[in-house]
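Notes follow the structure.
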Number of protein chains: 2
Amino acid sequence: MKGILNMNHQLEHDRKTRQKIVKVARDLFMELGYRAVSTRRIADVCGITQPTLYHHFKNKKELYMEVLKSELLDMQTALDRIIKRFENHLEECLFQVTYYILINKPAGIGQMFHDIEKELGKEQQEEIKKRWIEAYQAPIASIFEKGIREGKLRNPAEFGSDPVLSSYLLLNLISSRNTDHPVPEPVAKAQARLYTNVLLYGLASPDEETKK
Amino acid sequence: MKGILNMNHQLEHDRKTRQKIVKVARDLFMELGYRAVSTRRIADVCGITQPTLYHHFKNKKELYMEVLKSELLDMQTALDRIIKRFENHLEECLFQVTYYILINKPAGIGQMFHDIEKELGKEQQEEIKKRWIEAYQAPIASIFEKGIREGKLRNPAEFGSDPVLSSYLLLNLISSRNTDHPVPEPVAKAQARLYTNVLLYGLASPDEETKK
DNA sequence: CACCCTCCCTATCAACTGATAGGTTTTTTG
DNA sequence: CAAAAAACCTATCAGTTGATAGGGAGGGTG
């Protein structure tokens, strides 16, 4: 009994250090990019030495994978919660999702894509892509799917859109370059409103489309 | 006279090597990113040695600046031409611009932004940002401006959009992550059509907005 | 022909990278 | 309490990076 408790003690210590490393690495990687962050820098911020990193992680890429996994898991949890909460109001749901991502992923999302594509091996890419779909694409696509089913959105067959494509459109709008990060809250709110408005209703003046 | 000719000969040789370096560096930087491309690699592809690079350029960043300038200048020329050609047809104009960027900037545009933000000094960023506005934002914004003047687009005051913001929206849509580069021509065409359609008319079913 | 300037080379540098070897300290186990 | 395992350290490695010094070739100029 005492053995188990003590073992837990040690394991917990290990777990804490590991978590700290992941947390620090996450902040640095997301802000500066994979290549721009050295293992020494991560270790310094953590208050440990660089070789100690290699006691907890096989190598830099594996640490980065861990960072991505935690990042994506958090996002998935958050988006699922938001979508469930606003599931009966398409427009508000889209807005809330947009707003959340805008607030919580300042420069991170574009950076992430860059690094996944350029720095990871093919098999690692596959794994992260799978998790990225679970975290971002699938939840958002589910919103559009519901909208199409209920006739609130255009027929994909006519317009060339579909739930998955639409989710990419929204995400591309969000990962924008026009603002300096981080964005203050009211600005983010206005931005999120603009993005969802444009995505739903377009920029053309209301009487223009009927002429088409 | 002969002296001038001969001097031109030598100058031209220098110019040719310089251009070759810029061309090679441009391809590599745009595909792989600034940090992932070493000066040695650029030199190898050019068929020269690495120190020779430093005879033509002060350092790596200056070479990258040259690459960005040529890249942006080409884009500006192309977009201005397209816009002038289709200036009396808003929708087609947007489509052509979107299509052109989609075809000619496969992975480059996102990469570019990443590197400008992360690898350049502040003053260099300012200079490139200025040129980027001339090359991308201003031309595209002029399309939207005209559309607003002619009443074909929504009133920015009501919708929260304006020509500059709208140009960012389009560019964000274009620099997408959903496709593997490079994109075959017909796919790019369909994509460009979808982007402009969504941007102009939105995803909501046509009778939805009037209810609002 | 002698001089020089331009272009490009070889050789080399210091800094930094990710990663490993091996010892030391602390905690858990039998 | 001794053995062993875990966590972290110091010291060090080889490879790559951007960048510089200095020499050689070759045409251009006096």
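Fair warning: this is a prediction, and the values are worked out from it, not measured in the lab. So that the names make sense, note that chain A is the first sequence line, chain B the second, and so on, each numbered from 1.
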Without decimals, in angstroms, what is the distance between [X] [atom1] and [N] [atom2]?
X	N	atom1	atom2	value
His55(B)	dT10(C)	NE2	C1'	16 Å
Lys16(B)	dC8(C)	NZ	P	12 Å
Leu53(A)	dA7(D)	CG	C1'	13 Å
Tyr64(B)	dG18(D)	OH	C1'	17 Å
Phe57(A)	dT20(C)	CZ	P	15 Å
Asp44(A)	dC16(C)	CG	P	12 Å
Glu62(B)	dG18(D)	CD	P	15 Å
Lys20(A)	dA7(D)	NZ	C1'	16 Å

Between the protein and nucleotides 9-13 of chain D, list the N/O to N/O atom pairs that are separated by less than 3.5 angstrom.
from	atom 1	to	atom 2	distance (Å)
dC9(D)	OP2	Thr49(A)	N	2.9
dC9(D)	OP2	Thr49(A)	OG1	2.8
dC9(D)	OP2	Thr52(A)	OG1	2.5

Do any side-chain atoms of residues 134-143 of chain B form donor-acceptor pairs under 3.5 angstrom with protein atoms, and if so which ones, sequence neighbours left out?
from	atom 1	to	atom 2	distance (Å)
Gln137(B)	NE2	Tyr168(B)	OH	2.8
Ser142(B)	OG	Pro139(B)	O	2.5

Under 3.5 Å, which donor-acceptor pairs do the side chains of residues 21-37 of chain B form with other protein atoms, sequence neighbours left out?
from	atom 1	to	atom 2	distance (Å)
Arg26(B)	NE	Glu71(B)	OE1	2.7
Arg26(B)	NH1	Ser70(B)	OG	2.7
Arg26(B)	NH1	Asp74(B)	OD2	3.0
Arg26(B)	NH2	Asp74(B)	OD2	3.0
Tyr34(B)	OH	Lys61(B)	N	3.4
Arg35(B)	NH1	Glu119(B)	OE1	2.7
Arg35(B)	NH1	Glu119(B)	OE2	3.0

Under a 4.0 Å threshold between the charged nitrogen and the carboxylate oxygen, would [Y] count as salt-bridged to [X]?
X	Y	answer
Glu126(A)	Lys122(A)	no
Lys152(B)	Glu91(B)	no
Lys189(A)	Glu185(A)	yes

Discussion item. Looking at Arg40(A) and Thr49(A), would you say the former's side chain and the latter's main chain have a donor-acceptor pair under 3.5 Å?
Written reply: no

Practice prompt. Examine distances only and state if a side-chain atom of Thr52(B) and a backbone atom of Ile48(B) form a donor-acceptor pair shorter than 3.5 Å.
Written response: no

Practice prompt. Name every residue in residues 25-36 of chain B that has at least one heavy atom under 4.0 Å from any atom of DNA chain C, in order of residue number, or write none if there are no such residues.
Written response: none

Discussion item. Among residues at least two apart in sequence or on other chains, which ones pass ring pair (Phe, Tyr, Trp, His ring centres under 6.0 Å) with His114(A)?
Written reply: His114(B)

Discussion item. According to ring pair (Phe, Tyr, Trp, His ring centres under 6.0 Å), who are the partners of Phe144(B), at least two apart in sequence or on a separate chain?
Written reply: none

Worksheet item: Does the side chain of Thr39(B) get closer than 4.0 angstrom to OP1 or OP2 of dT17(D) through an N or O atom?
Response: no

